[in-house]
Structure formats: C-alpha cells, structure tokens
Amino acid sequence: MSAVDSMADPKRQARSEDIEQQLNAAIWDAILYLDSPTGYREYLPDAAVPAPAKNDLVILDPPPRSTWKAVLPLFLIAALIFAILLFVLLM
C-alpha cells in the first residue's frame, strides 16, 4: 500500500461519517416536523380539529368503506325490480 492510499482512507472515512451525520440530521428533522402539532397539519381540510394529546394515536385517513355497505343498496333495488317483474309476469 502506498503512502497516497493510506492518506485517502481517513479522508474517505471522514466523508462517509459526514454524509451519515447529514442523513441522520435530515431524518430527525423530518421526524420532528411530522411529530410537531403544527406544520403539515395546518394544510389538512379539518384544520379546525383541536390537536390531540401528546401520546394519543391519531388516524388521519377515514376508514375504508365496507364493500357490503356499497353493494347492499344495489342488491335491494335489483331484488325489488325482480319481485315486481315476477309479480307482473305471473298475473
């Protein structure tokens, strides 16, 4: 190993440590921003909702609508039309 190679390793190691520190700082900045009571929450449509307590779990998305609840009205309308047609045909 030459003298140039041995000097390059500490510089490379220092650069990688600097990059790692910058990455850690950026990640912690994002975590603190998303965890803050202000910031992105002020842009949500329900901004009038008071901020939850510090340790409360907050679900910002509405729950998904059940498939059965979406299909039930269509099924009832189809059953009603079928019953009316059956009644008319049997008369």
Side-chain angles (χ1 to χ4, degrees):
M1 181 182 266
S2 70
V4 175
D5 289 339
S6 64
M7 291 183 69
D9 288 338
K11 289 180 183 179
R12 186 179 309 146
Q13 184 177 0
R15 270 195 314 236
S16 67
E17 288 174 0
D18 287 344
I19 291 172
E20 185 176 351
Q21 288 176 352
Q22 290 174 356
L23 180 62
N24 286 340
I27 291 172
W28 277 107
D29 283 345
I31 290 171
L32 293 174
Y33 172 73
L34 293 174
D35 199 29
S36 69
T38 58
Y40 71 98
R41 292 175 192 237
E42 64 194 21
Y43 299 107
L44 296 175
D46 297 329
V49 175
K54 185 170 182 136
N55 293 329
D56 284 348
L57 173 66
V58 178
I59 300 175
L60 298 177
D61 295 332
R65 188 168 181 207
S66 172
T67 305
W68 179 247
K69 288 181 182 179
V71 173
L72 183 62
L74 297 174
F75 176 75
L76 292 176
I77 291 171
L80 180 64
I81 292 172
F82 178 75
I84 292 172
L85 287 175
L86 185 61
F87 180 73
V88 170
L89 290 174
L90 291 178
M91 291 203 89

Nearest-0.5 Å distance that lies between atom [atom1] in [X] and atom [atom2] in [Y]:
{"X": "Leu76", "Y": "Ile81", "atom1": "CG", "atom2": "CD1", "result": "11.5 Å"}
{"X": "Leu85", "Y": "Leu80", "atom1": "CG", "atom2": "CG", "result": "9.5 Å"}
{"X": "Leu23", "Y": "Asp18", "atom1": "CG", "atom2": "CG", "result": "12.5 Å"}

More than 12 heavy atoms of other residues, nucleotides or ligands under 6.0 Å from CD of Glu17: is that the case?
-> yes
